[in-house]
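This report refers to the structure that appears directly beneath it.
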Amino acid sequence: MTSNVKALPGSRVPGDRTVNTALVEALRLLLGRAESGELQSFIGTGFQADNLRASLWCDHHKDLYAMLGSLAWLQAEYVHRHTEGLK
């Protein structure tokens, strides 16, 4: 039976398990920074092949306002990167 599920632009159909090599490399770089002591806190989110959200909270940063500013910047940057071609 053929599925009638179609992905909208910018989305993926659940079940796609193609390895995202750029993601793997970025996570390896972050792991190296954490192992060296350079990376001291991290908050991240992503999506799994089944479209469930994965989140990681290691938010032991001593400056609450710096972390809030980083999260606000990240949201603005995400919107910018994914809407600049829609103008």
Side-chain angles (χ1 to χ4, degrees):
M1 179 175 189
T2 304
S3 173
N4 63 354
V5 175
K6 305 288 183 206
L8 295 172
S11 65
R12 291 171 38 170
V13 174
D16 180 3
R17 291 190 166 271
T18 304
V19 174
N20 183 337
T21 55
L23 172 62
V24 172
E25 183 58 30
L27 290 172
R28 283 190 179 128
L29 288 171
L30 279 177
L31 176 59
R33 289 178 183 173
E35 289 175 333
S36 74
E38 181 182 353
L39 181 64
Q40 291 293 308
S41 63
F42 184 82
I43 296 175
T45 190
F47 285 86
Q48 303 172 160
D50 57 5
N51 276 351
L52 292 177
R53 179 177 45 91
S55 296
L56 174 64
W57 292 82
C58 295
D59 58 337
H60 306 292
H61 193 66
K62 294 178 182 175
D63 186 339
L64 168 71
Y65 301 104
M67 185 59 84
L68 285 171
S70 293
L71 291 169
W73 174 85
L74 186 61
Q75 180 180 10
E77 181 66 14
Y78 183 87
V79 169
H80 172 74
R81 288 181 183 210
H82 293 278
T83 59
E84 67 180 10
L86 300 176
K87 295 176 186 173

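Excluded from the calculations below are hydrogen atoms, water molecules and symmetry mates; all remaining heavy atoms, backbone and side chain alike, are included. Numbers for residues simply follow the sequence, beginning at 1.
- With S55 contributing its side chain and G46 its backbone, the two residues share no donor-acceptor pair below 3.5 Å.
- Atom CG of D59 sits about 13.5 Å away from atom CD of Q40, to the nearest 0.5 Å.
- One distance of note links CG of L39 with CG of L29; it measures 11.0 Å at 0.5 Å rounding.
- The 12-atom threshold is exceeded at CD of E77, counting heavy atoms of other residues, nucleotides or ligands nearer than 6.0 Å.
- Considering only heavy atoms from C-beta on, L52 stays 4.5 Å or farther from F47 through its side chain.
- To the nearest 0.5 Å, atoms CD1 (I43) and NE2 (H60) are separated by 9.5 Å.
- Summarising the geometry, atom CD belonging to E35 is positioned 11.0 Å from atom CG belonging to L30; distances are rounded to the nearest 0.5 Å.
- A single hydrophobic cluster is not seen to contain both L71 and Y78; linkage of ILVMFWY side chains at heavy-atom distances under 4.5 Å, directly or through other members, places them apart.
- Of the inter-residue distances, the one linking E25 atom CD with L27 atom CG reads 9.5 Å to the nearest 0.5 angstrom.
- Interatomic distance, CE of M67 versus NZ of K62, reported as 13.0 Å (0.5 Å rounding).
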